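Read the structure below first, then the notes.
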2 protein chains.
Amino acid sequence: MDYNTMCPRYEVAIDIIGKKWTGLIIRVLLGGSRRFKDIKKQIPEMSDRMLTERMKELESVGIVSRQVYPETPVRIEYSLTEKGESLRSIIESIQSWSEQWVEDCELQK
Amino acid sequence: MDYNTMCPRYEVAIDIIGKKWTGLIIRVLLGGSRRFKDIKKQIPEMSDRMLTERMKELESVGIVSRQVYPETPVRIEYSLTEKGESLRSIIESIQSWSEQWVEDCELQK
DNA sequence: CAGTATCCGCTACGATACTG
DNA sequence: CAGTATCGTAGCGGATACTG
């Protein structure tokens with residue numbers, strides 16, 4: 001294994017998907033394209049500000065695409081790109097790992 | 001899908017494995033038990049302080065175990081627990097995702 | 001060798017109020 | 001509806017020096 005060449009890429013990936021809310025947002029979008037308010041509804045504890053910030057980041061790294069429908073009021077649909085869809089197996093393995101290994105006592109902070 | 005029950009566990013998992021250096025440390029330990037200095041050698045950019053802090057965290061959540069051999073000088077060996085070993089598939093899928101999708105241009109910050 | 005101890009800047013994140 | 005704009009704070013993580 002060559003750690004010098006493979007470490008940086010790995011850390012970039014963690015930077016993207018390891019941030020708070022990101023995994024939850026992607027998981028919602030794995031169910032299909034969603035509007036801003038619908039993502040919020042699925043993750044009620046997250047603030048507007050956070051959702052906006054995460055969506056911009058995810059869009060800028062090519063994981064999410066943003067479609068504007070110029071109706072009144074305007075409708076915005078977010079969906080996963082191919083790159084975003086490719087995260088499915090990672091998200092799912094973290095999900096099942098956490099179900100198996102994260103204890104109840106760790107849930108309250 | 002029940003987001004109310006599954007979100008918290010997922011976020012706890014991300015809290016653990018999403019921190020800086022954690023993934024790299026676990027990857028080193030996937031190769032077998034290692035001493036402090038050997039982990040450092042594999043991840044030269046990381047400071048002592050960070051390695052110490054991460055190892056304590058990983059030990060406290062049961063991912064890593066710490067063996068003290070009271071020689072002179074003292075020898076400490078870190079290894080993955082069963083819970084830690086079970087992270088292999090996650091680490092590997094992030095690894096291969098990053099090789100496929102992280103661009104060269106994203107590597108410099 | 002395997003850590004501790006400090007100091008400290010930065011920025012991630014939350015809360016709240018406002019807008020095209 | 002889909003965001004901005006501001007403000008405020010905890011704590012993450014880097015640098016450096018020291019130790020049993």
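Note that this is a predicted model, so its numbers are computed, not measured.
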>> With side chain to side chain contact (heavy atoms under 4.5 Å, CB included) as the criterion, how do B/Met55 and B/Ile39 come out once you've worked through the C-alpha distance, each side chain's angles and the decisive distance to 0.1 Å?
In response: CA-CA 11 Å; B/Met55 294 317 282; B/Ile39 304 175; 4.1 Å; yes
> Does A/Arg35 place a side-chain N or O at less than 4.0 Å from the phosphate oxygens OP1/OP2 of D/dA2?
Replying inline: yes
> Of A/Glu57 and A/Asp48, whose closest DNA chain C nucleotide lies nearer the 5' terminus?
Replying inline: A/Glu57
>> Does D/dC7 have OP1 or OP2 under 4.0 Å away from a side-chain N or O of A/Arg49?
In response: no
> Would you say the side-chain atoms of A/Gln95 and A/Arg27 include a donor-acceptor pair closer than 3.5 Å?
Replying inline: yes
>> If the threshold is 4.0 Å, N to carboxylate O, is there a salt bridge linking B/Arg9 and A/Asp104?
In response: yes
>> OP1 or OP2 of C/dG3 versus the side-chain N and O atoms of B/Tyr78: is any pair under 4.0 Å?
In response: yes
> Does B/Lys20 have a side-chain nitrogen or oxygen under 4.0 Å from the phosphate oxygens OP1 or OP2 of D/dG14?
Replying inline: yes
>> If I take atom CD1 in residue B/Ile14 and atom P in nucleotide C/dC13, what distance separates them, rounded to the nearest angstrom?
In response: 12 Å
>> By the 4.0 Å heavy-atom rule, please label A/Thr52 as base, sugar-phosphate, or nothing.
In response: base
> Any idea which of C/dG14, D/dA2, C/dA2 is nearest the A/Phe36 side chain?
Replying inline: D/dA2
> How long is the line joining CD of B/Glu53 and P of C/dA2, in whole Å?
Replying inline: 19 Å
> Quick one: B/Met50 CE to C/dG3 P, roughly how many Å, whole number?
Replying inline: 15 Å
>> Can you identify which nucleotide, out of C/dC13, C/dA2, D/dG14, has its nearest atom closest to the A/Arg54 side chain?
In response: C/dC13
>> With a cut-off of less than 4.0 Å, is there a side-chain N or O of A/Lys56 near OP1 or OP2 of D/dT4?
In response: yes
> Who are the salt bridge (charged side-chain N to carboxylate O under 4.0 Å, His left out) partners of B/Glu82, not counting sequence neighbours?
Replying inline: none
